[in-house]
Amino acid sequence: MSSLSLSSAPPALGPGPGAAVVDVSVVIVTYNVRGFLDQALRSVERASAGLAVETFVVDNDSADGSAEMVRERFPDVRLIANEENVGFAVANNQALREAAGRYALVLNPDTILQEDTLRTLVAFMDGHPDAGAVGCRILNPDGTFAPESRRAFPTPAVAFYRIAGLARLFPQSPRFGRYNLTHLPADEVCEVDALSGSCMMVRREAMWGGGEGHGMERDEEGWAEKSAPHGSAHPPMPPSLHPSPRGAGLLDEAFFMYGEDLDWCYRIQRAGWRIYYTPETQIVHYKGESTKRGDLRYVVLFYGAMLRFVEKHVGGGAGWAERAGTGALALALRVGIVGRAAVAALGRLGRGLAGPAADGALAWAALAAAAWGWSQADGFAFGSGFYGLVLPAYALALVGGVALAGGYPRGRPPLRPVAVGAALAALAVAAASFFVPSIAFSRAALGLGFPAAAALLLARRVRRRTRTAPPRRALVVGTAAEAERLRRLLGGRLRPEAEVVGYVAEAGGDGTSAAGGAVPHVGRPRQLRDLARLQHADEVVFAADSLTNTAILEGMRALRDLPVQLKILASGHDRIIGKAYVEDYAAPLLEAERAVAPLRAGWSRRALEVPVAALFTLAAPALRATARLRPTARWRRLAAFAARMPSVLAGRRALVGYDAAGPHPPPAWGLPPGVVSVLDTRRPRPATITEAHRAYWFYAQRQSPWLDAEILLRALLHG
């Protein structure tokens with residue numbers, strides 16, 4: 001898509017005859033954040049009460065079904081579906097050209113509005129006719145104040161204070177704390193340089209012009225002192241950016257992402273309007289979902305946007321000192337781009353080398369131990385050069401062999417490449433020893449050391465694959481029914497990441513009795529801080545179906561300084577929204593019959609089943625005798641398990657599979673009936689077909705000999 005002109009003709013400044021006045025046009029640009037977008041649109045619906053609001057969603061070719069979700073669930077939203085990612089500025093401008101509201105609210109899709117946010121911002125703009133734009137208090141996902149709620153322009157001095165760390169050391173200093181205005185109280189209305197594009201309300205006339213006078217002089221000589229906050233001076237703006245003498249135009253489409261809000265605020269001020277921050281309402285912002293802040297792409301976009309702003313606005317027409325400062329700042333930003341890119345690349349390299357380095361150390365230790373033991377038995381000693389040069393070369397060969405065999409992928413480390421790589425390395429080193437006489441005397445140590453090294457590497461991988469952390473403790477703020485829903489969602493996993501330890505609600509306020517429920521009622525919302533500490537909660541989950549957004553945001557603020565993760569159980573969906581992800585627990589329940597799991601190779605299943613079944617078949621008489629002498633639940637389980645092993649050897653049952661007496665999973669999932677059911681490890685056991693299918697699907701997607709062994713141990717040892 002070609003870039004759109006900033007100075008294209010504006011739409012009509014008011015509705016036609018007989019048309020209703022639109023108070024606010026909400027514009028949301030989205031890219032692959034479907035779960036967040038759903039909650040943002042629901043919060044806009046709640047915040048629209050008492051106002052005439054139109055909502056635009058511009059989808060930048062998302063691959064996660066965002067556009068389809070908007071069409072299906074929000075038919076009143078005006079959807080613009082792009083066929084490519086045209087960038088944040090271009091996409092916003094597409095909707096702003098069609099917007100009819102007195103005010104436009106540019107809103108990120110990973111935000112949640114408070115119920116009064118739109119009314120509060122409209123009232124503020126109505127009461128401040130000199131305001132071209134206003135922003136509100138922005139909260140981080142942990143409830144803390146987000147400093148980007150208001151900012152200053154990055155002049156050379158302001159940028160230097162930030163880069164040098166003086167802003168962090170002296171946040172209350174009016175000089176050093178200017179970039180994020182940390183010297184100004186967060187709970188007071190103030191005039192600022194710039195706002196965050198995640199939530200910024202802009203007056204229509206500030207974009208298109210045509211408004212009445214607002215008590216400010218327009219002459220270039222005196223405007224900077226009257227309207228530029230904190231005494232900053234601004235160079236003249238290019239006239240091409242002004243559709244009218246009083247309008248700043250739309251977003252500059254040369255900014256693909258980041259910096260466009262800073263540039264827009266600058267031009268709105270240059271057109272004669274003021275920029276305000278008000279703490280009278282607030283939103284929560286789940287930052288950076290489309291571009292993670294550790295990515296190299298984020299580094300290039302963010303620093304590149306700041307560089308463009310500096311080159312466009314700062315230092316033009318000024319004296320030599322300011323031009324020198326601007327040049328130094330531009331150079332620093334370019335160096336920052338290259339430096340951060342190098343750091344990101346080195347970080348990825350370091351993370352990639354961590355596994356091979358650990359394997360290399362273990363391999364050297366095993367080879368050294370084998371060489372020392374051989375030397376002691378044979379009555380001689382290897383020289384220091386052998387331990388310091390030859391054995392590191394052997395260890396490097398072993399790591400190289402494992403790498404060639406595919407032993408260092410992302411995720412769970414495989415086992416087979418260790419054996420293959422060790423064999424390759426041993427053959428290569430043995431062959432080399434025939435041609436390099438100086439290492440020929442070490443072939444005996446080689447024969448002992450390489451198997452020992454391979455065993456250590458295998459043990460390290462097995463430990464990583466079987467190590468499980470205890471589930472996190474989750475506290476639900478909402479009704480008993482919502483707490484029970486979350487408990488069942490989490491319980492559908494074979495390895496639950498969290499367990500629900502209680503719910504917080506007014507007694508009887510949800511119409512549900514706490515007595516007899518699986519999830520206990522632990523207290524009231526006003527006690528939330530104390531309850532989070534007393535319950536040793538790792539997570540606090542706010543149930544959106546039973547809480548207002550205002551209550552959720554206030555709860556987040558109350559917990560902002562506690563070491564807990566704050567999440568939202570999405571309204572109307574089996575989704576949990578966290579700081580940097582949306583986890584969907586619903587699939588594949590609606591279309592289970594058509595969902596196909598990755599089928600497991602028969603040899604992979606039988607490789608575990610045959611030896612285990614044979615061992616228990618041989619031990620069956622002893623287990624039966626022990627169960628009669630010591631009739632405990634565990635010994636009875638072991639004896640009954642052994643009695644069913646002939647059916648496993650005959651191939652009629654699997655060790656782990658579905659419960660033949662309960663609901664069967666769809667045949668496409670390829671799960672056999674099992675002596676031990678996948679459901680046997682769930683506490684409480686799934687009570688509905690939907691919950692059983694969720695547990696079976698989790699197993700079907702992840703089945704392996706290691707997962708089978710884990711389920712067997714849990715079932716046999718813990719019942």
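- Between Asp116 and Arg119 there is no salt bridge, since no side-chain nitrogen of the basic residue lies less than 4.0 Å from a carboxylate oxygen of the acidic one.
- Judged purely by distance below 3.5 Å, without hydrogens or angles, the side chains of Ser62 and Asp59 pair a donor atom with an acceptor atom.
- Using a 4.0 Å cut-off between charged side-chain N and carboxylate O, Arg487 and Glu484 make a salt bridge.
- In this view, Tyr276 and Phe124, His128 satisfy the ring pair (Phe, Tyr, Trp, His ring centres under 6.0 Å) rule, not counting sequence neighbours.
- With values rounded to the nearest 0.5 angstrom, Ile138 atom CD1 is found 3.5 Å from Ser198 atom OG.
- A donor-acceptor contact closer than 3.5 angstrom links the side chains of Asn82 and Gln94.
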- Asp38 and Arg73: CA distance, side-chain angles, deciding distance, salt bridge (charged side-chain N to carboxylate O under 4.0 Å, His left out) verdict: CA-CA 9 Å; Asp38 180 272; Arg73 300 177 189 166; 3.1 Å; yes
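- Between Phe145 and Tyr277, the two ring planes are perpendicular [angle over 60°; tilted spans 30° to 60°].
- Using a 4.5 Å heavy-atom cutoff, the side chains of Glu253 and Asn93 are in contact.
- Atom CG in Leu113 sits 8.5 Å away from atom CG in Leu121 (nearest 0.5 Å).
- Contacts of Arg102 classified as side chain to side chain contact (heavy atoms under 4.5 Å, CB included), with partners at least two apart in sequence or in another chain: Val21, Asp23, Val122, Asp126.
- Glu539 and Arg473 are not joined by a salt bridge, as no carboxylate oxygen comes within less than 4.0 angstrom of a charged side-chain nitrogen.
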